Asks: 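What follows is a single structure, and I will ask about it in a moment.
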Number of protein chains: 2
Amino acid sequence: MNLAMLTDLYQFSMLYGYHLSGTDRKMANFDVFFRRHPFNGGFAVFAGLADLLAALQNFHFSDSDLEYIKSLGLKDAGFIEKLKNFHFSGDIFSFPEGSICFPGEPLMRFSGPLFEVQLLETLVLNIINFQTLIATKSARIFEASGKSAVVEFGLRRSHGPDGGLSASRAAYIGGCVATSNVLAGQKYGIPVKGTMAHSWIMSFPNELISFREYAKAFPDSSVFLVDTYNTLADGVPNAITVGLEMKKHGHTLKGIRLDSGDLAYLSVEARKMLDEAGLTETKILASNDLDEWIVDALRHEGAKIDIWGIGTKLVTGSPDSALGGVFKLSAIENEDGVIIPKIKVSQNEEKTTNPGLKSVYRVYDTSGMMTGDIICLADEIPTDESFKLAIHPLNEYKFFRVTPEYSIKAMMKKVFSNGVIVDGTEKLSDIRNRVLGELEKLHSSHKRLVNPHYYKVSLSQKLFRLRKSLLEKGLNIQKE
Amino acid sequence: MNLAMLTDLYQFSMLYGYHLSGTDRKMANFDVFFRRHPFNGGFAVFAGLADLLAALQNFHFSDSDLEYIKSLGLKDAGFIEKLKNFHFSGDIFSFPEGSICFPGEPLMRFSGPLFEVQLLETLVLNIINFQTLIATKSARIFEASGKSAVVEFGLRRSHGPDGGLSASRAAYIGGCVATSNVLAGQKYGIPVKGTMAHSWIMSFPNELISFREYAKAFPDSSVFLVDTYNTLADGVPNAITVGLEMKKHGHTLKGIRLDSGDLAYLSVEARKMLDEAGLTETKILASNDLDEWIVDALRHEGAKIDIWGIGTKLVTGSPDSALGGVFKLSAIENEDGVIIPKIKVSQNEEKTTNPGLKSVYRVYDTSGMMTGDIICLADEIPTDESFKLAIHPLNEYKFFRVTPEYSIKAMMKKVFSNGVIVDGTEKLSDIRNRVLGELEKLHSSHKRLVNPHYYKVSLSQKLFRLRKSLLEKGLNIQKE
């Protein structure tokens with residue numbers, strides 16, 4: 001699908017202005033980063049890259065698109081010609097999809113002519129913001145569940161058709177084992193799972209008959225929804241009756257689903273009843289507006305839940321509902337053809353950007369655990385002297401020493417080179433495995449649901465000094 | 001676009017079971033409704049109908065879809081044949097799109113063979129839940145702004161490509177005057193607007209030059225972003241300098257945009273500076289994570305803001321992030337071919353459903369204001385005796401009398417008849433006008449942001465009695 005028109009008007013307006021002012025071919029560099037941890041947590045999971053690269057490869061304007069753009073008053077023939085021939089010719093560096101990431105880090109870096117890079121902002125943020133939000137939410141729920149089975153069920157409450165599809169993809173990346181979304185299964189190869197709705201049960205004369213009919217259709221994969229009437233008085237006993245009938249014929253009742261009421265109490269009681277009837281292999285699935293905090297609380301209360309069905313709050317990233325990732329200019333060619341670093345100063349010091357072309361390195365301690373990330377200039381390498389000290393971005397007296405026993409990994413890879421995809425289109429299961437592997441290397445203090453310890457993201461000495469000198473110069477820039 | 005595969009696996013599983021149990025041709029009736037006011041408000045705006053009807057008309061399974069479904073274990077040849085020939089042959093009744101609506105009311109009613117109606121649940125809820133949420137949010141912001149200009153700016157934070165497109169559509173329906181989303185403009189004819197990003201300004205040697213270059217490109221439609229450096233010390237003075245230059249050449253600086261800081265203070269000061277310079281026609285646009293509560297607070301503080309740019313919280317429906325609309329069985333054919341009403345009883349009395357085939361009528365008082373809605377059985381008409389008393393669904397001693405001076409309007413129209421669209425595909429501007437018209441007829445107490453007065457949604461005497469008799473019978477249903 002061609003998403004070239006999925007953009008904010010101001011991108012076209014600025015392109016038009018760059019074209020008329022003759023600045024459209026200036027080389028520019030933009031960074032993608034976010035400023036705050038989603039969900040008041042201690043980490044995020046970077047997602048959306050492969051979908052974004054696919055969209056960039058198919059990015060072009062049709063004649064009717066160009067007619068529409070002209071109708072908006074952007075009529076200059078040279079401008080329309082440039083859009084007609086548009087192809088992103090620059091480079092993109094990116095974290096691998098599924099990487100654990102943190103506020104302030106450049107997750108992606110776009111270099112190319114200003115005209116081309118500026119136009120990508122909206123599409124990049126639209127895809128990366130949402131999928132990163134949902135992959136993060138999913139990883140949080142996965143951790144809260146004790147790494148047990150979490151199934152994503154959210155399509156009926158997601159934000160339109162594609163809000164559902166992207167959410168299913170990102171939820172799987174973040175740790176879910178399956179989705180209810182059939183299109184996501186078909187398109188992305190995600191395992192699909194499902195049970196039954198209340199309407200199934202209500203369409204038969206009674207619950208017992210409805211379970212029997214379902215068992216006939218699915219003798220080895222039935223999960224009975226047991227709360228249509230009274231969970232413990234009707235639902236579970238009827239499920240046991242049919243489960244024992246299935247057993248007699250050599251089949252297994254795979255599970256029951258609790259979808260209302262006190263899930264801790266009901267799951268404990270249902271487990272007892274199932275076990276007493278000899279249906280020890282029948283799993284208990286719970287759903288009903290769950291999120292990581294409720295899953296955590298239920299587990300600590302001793303709930304006997306084997307599988308968690310999570311819908312609305314997972315696929316909408318509730319309560320955040322959006323990740324505030326931005327796409328910010330960090331360097332641009334001046335009139336002499338020199339790329340000069342740019343900084344956006346804010347009265348809120350944390351919103352001041354990091355200037356220049358940058359890279360990110362991740363430092364692991366001797367036990368293989370992540371101990372801190374270092375943002376540096378792209379021409380630095382970890383053996384450089386300036387890399388030995390990693391400085392807090394807002395306080396030069398806070399730093400850590402990068403000692404030789406640490407191992408250091410480069411986080412940014414080139415994924416687009418001269419306009420061609422060269423990396424980053426991985427299998428979804430590989431991306432998911434990266435998340436699960438990196439979560440193991442992240443200390444539990446950063447994964448805590450309440451008041452997590454913040455992971456260190458520092459600047460190399462060289463970047464810190466550049467930032468400081470630009471801040472000092474910047475004080476006078478506008479007054480001149 | 002064909003969205004037939006955008007569904008939950010359990011729909012296919014249930015269809016498979018209905019097919020095998022021979023119950024798939026039973027006539028069934030399902031209602032769409034939601035249970036709680038979004039945003040703790042006092043009303044909602046029904047949206048998504050035209051998009052849904054378009055999707056239903058194009059609903060079919062390709063050979064590769066059927067192969068995928070078979071790969072999920074649903075292999076019965078007769079079942080696959082039924083999907084291959086799938087076409088929704090039933091009837092749909094619906095509120096007109098853009099209607100004000102309330103919890104508990106059936107907004108849509110689907111009648112047809114169980115096999116066909118069941119399959120539509122996910123798609124219906126996916127489209128209606130999201131667009132209704134966003135249209136409601138938009139109407140709330142529109143009201144909070146004093147019905148001034150609100151522009152939707154949310155694409156970079158929306159839930160994927162389509163989460164953005166659907167949100168732009170619903171936001172426009174709910175009262176926004178424009179969107180920044182170019183694709184939404186092209187596809188739906190919504191007016192598109194935009195200003196400039198910080199990168200525009202930073203790509204030039206200084207702010208003044210950047211404004212001059214923009215003014216050259218857009219001599220009569222420039223809106224300058226004034227907070228890149230220091231809003232009152234640099235941004236507004238530079239905008240005034242260029243605004244006066246534009247004026248000298250017979251042009252007008254259309255506006256300035258404030259995007260950070262204290263918008264109340266900055267807008268008052270900027271207004272003074274613009275007015276003193278003689279730029280009284282230059283408007284002030286404000287943005288920065290706004291919602292209805294912030295807009296309301298800023299207005300009450302005397303902010304001088306002419307245009308509100310609203311992004312993230314509008315297009316994601318924050319803080320709710322989802323509307324919990326459901327699709328519930330309300331009647332089904334029994335073995336004797338009789339359609340019998342069904343009720344889903346819940347321990348939470350408010351979650352107990354209303355049985356049978358139903359309609360909704362809206363009652364207006366003599367001044368034309370909405371005074372209450374009545375849910376009745378579909379075969380009732382307002383002149384019926386049972387219609388004279390409208391009863392609170394949970395308390396038969398709370399009721400209101402429908403007296404002859406009230407006017408009564410039928411809310412449900414047939415939009416799909418025997419599988420063909422017969423109504424409901426209106427122009428977007430007509431839908432938007434319906435919202436704005438109905439908001440005028442809704443008393444302000446229901447539109448209050450804090451602690452709104454709840455609008456009355458009552459049952460006809462006949463429906464109340466049916467519900468009560470089924471509840472009484474239901475007490476014994478499962479024990480038998």
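On a predicted model such as this, the values are computed, not experimentally measured, just so you know.
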Asks: Verify side chain to side chain contact (heavy atoms under 4.5 Å, CB included) between A:Y229 and B:V345, making sure each step is shown before the conclusion.
Replies: CA-CA 7 Å; A:Y229 303 102; B:V345 183; 5.9 Å; no

Asks: For the OG atom of A:S210 and the CE atom of B:M14, what is their distance to the nearest 0.5 Å?
Replies: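 If we round to the nearest 0.5 Å, A:S210:OG and B:M14:CE are 11.0 Å apart.
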
Asks: Going from CG on A:L72 to CD on B:Q186, what distance comes out if it is rounded to the nearest 0.5 angstrom?
Replies: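 If I round to the nearest 0.5 Å, the distance is 9.0 Å.
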
Asks: Answer with yes or no after comparing the ring centroid distance for A:Y10 and B:W200 against a 6.0 Å cut-off, counting only values under it.
Replies: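 Between A:Y10 and B:W200, the centre distance exceeds or equals 6.0 Å.
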
Asks: Can any side-chain N or O of B:D162 pair as donor or acceptor with the backbone N or O of A:G163 at less than 3.5 Å?
Replies: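 Answer holds: no.
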
Asks: Any donor-acceptor pair under 3.5 Å linking the side chain of B:K26 with the backbone of A:S203?
Replies: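 Side chain of B:K26 to backbone of A:S203, a donor-acceptor pair under 3.5 Å: yes, one is there.
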
Asks: Any chance the side chains of A:S321 and B:T316 put a donor and an acceptor closer than 3.5 Å?
Replies: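 Checked: A:S321/B:T316 side chains pair up, N/O donor to acceptor below 3.5 Å.
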
Asks: Look up atom CG in A:D320 and atom OG1 in B:T312, then write down how far apart they are to the nearest 0.5 Å.
Replies: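 Answer for the CG-OG1 pair, A:D320 versus B:T312, is 11.0 Å.
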
Asks: With only heavy atoms counted, which part of A:T23 is less than 4.5 Å from chain B, the side chain, the backbone, both or neither?
Replies: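 Side chain of A:T23 only, per the 4.5 Å heavy-atom cut-off to chain B.
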
Asks: Chain B: which of A:L20, A:N181, A:I340, A:D289 shares the most heavy-atom pairs with it under 4.5 Å?
Replies: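 The answer is A:N181.
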
Asks: Is it the backbone or the side chain of B:F12 that comes under 4.5 Å from a heavy atom of chain A, or both, or neither?
Replies: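 Just the side chain, heavy atoms under 4.5 Å.
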
Asks: Given a strict heavy-atom distance threshold of 4.5 Å, which part of A:A197 is in contact with chain B: side chain, backbone, both, or neither?
Replies: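 Contact with chain B involves both backbone and side-chain atoms of A:A197.
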
Asks: For each of B:G325, B:G185, B:S318, B:A322, tally heavy-atom pairs with chain A at distances under 4.5 Å, and name the one with the top tally.
Replies: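 Heavy-atom pairs under 4.5 Å are most numerous for B:G185.
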
Asks: Taking every non-hydrogen pair under 4.5 Å, which of B:A4, B:P161, B:S64 racks up the most with chain A?
Replies: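 Of the options given, most contacts go to B:P161.
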
Asks: Quick one: of B:K187, B:K216, B:K193, B:K313, who has the most non-hydrogen atom pairs under 4.5 Å with chain A?
Replies: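 Heavy-atom pairs under 4.5 Å are most numerous for B:K193.
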
Asks: Under 4.5 Å from any heavy atom of chain B, what part of A:V315 do you find: side chain, backbone, both or neither?
Replies: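 Contact with chain B involves the backbone of A:V315 alone.
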
Asks: Most heavy-atom pairs under 4.5 angstrom with chain B, which of A:T179, A:I134, A:L155?
Replies: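 So the answer, after comparing A:T179, A:I134, A:L155, is A:L155.
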
Asks: Picking from A:K344, A:E213, A:K328, A:K342, which has the most non-hydrogen pairs under 4.5 angstrom with chain B?
Replies: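 If we count pairs closer than 4.5 Å to chain B, A:K344 comes out on top.
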
Asks: Under a 4.5 Å heavy-atom cut-off, does chain B meet the side chain of A:L6, its backbone, both or neither?
Replies: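 A:L6 touches chain B through backbone and side-chain heavy atoms alike.
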
Asks: If every non-hydrogen atom of B:F130 is compared with every non-hydrogen atom of A:S158, which pair is closest and at what distance?
Replies: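 The answer is CB-O, 3.8 Å.
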
Asks: Select, from A:E121, A:R157, A:E333, the one with the greatest count of heavy-atom pairs under 4.5 Å involving chain B.
Replies: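 Highest number of heavy-atom pairs under 4.5 Å: A:R157.
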
Asks: Given a strict heavy-atom distance threshold of 4.5 Å, which part of A:Q118 is in contact with chain B: side chain, backbone, both, or neither?
Replies: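 For A:Q118, the contact with chain B is made by the side chain alone.
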
Asks: Does B:N126 reach the main-chain N or O of A:R156 with its side chain, forming a donor-acceptor pair under 3.5 Å?
Replies: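 Looks like no, no N/O pair under 3.5 Å.
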
Asks: Given a strict heavy-atom distance threshold of 4.5 Å, which part of A:L74 is in contact with chain B: side chain, backbone, both, or neither?
Replies: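 Side chain of A:L74 only, per the 4.5 Å heavy-atom cut-off to chain B.
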
Asks: Considering only heavy atoms and a distance below 4.5 Å, find which of B:N129, B:L183, B:D65, B:V182 pairs most often with chain A.
Replies: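 Answer, by heavy-atom pair count under 4.5 Å with chain A: B:V182.
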
Asks: Heavy-atom distance under 4.5 Å to chain B: side chain of A:F30, backbone, both or neither?
Replies: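 Side chain only.
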
Asks: Given heavy-atom pairs under 4.5 angstrom as the criterion, report whether the side chain, backbone, both or neither of A:E335 touches chain B.
Replies: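 A:E335 touches chain B through side-chain heavy atoms alone.
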
Asks: Pick whichever of B:F218, B:F153, B:Y16, B:F327 has the most heavy-atom pairs under 4.5 Å with chain A.
Replies: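 Highest number of heavy-atom pairs under 4.5 Å: B:F218.
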
Asks: Could you go through the side chain to side chain contact (heavy atoms under 4.5 Å, CB included) check for A:S21 and B:F204 one step at a time?
Replies: CA-CA 10 Å; A:S21 69; B:F204 289 92; 3.7 Å; yes

Asks: Counting heavy-atom pairs under 4.5 Å with chain A, which one of B:S199, B:S166, B:S71 comes out on top?
Replies: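 Going by pairs under 4.5 Å, I would pick B:S199.
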
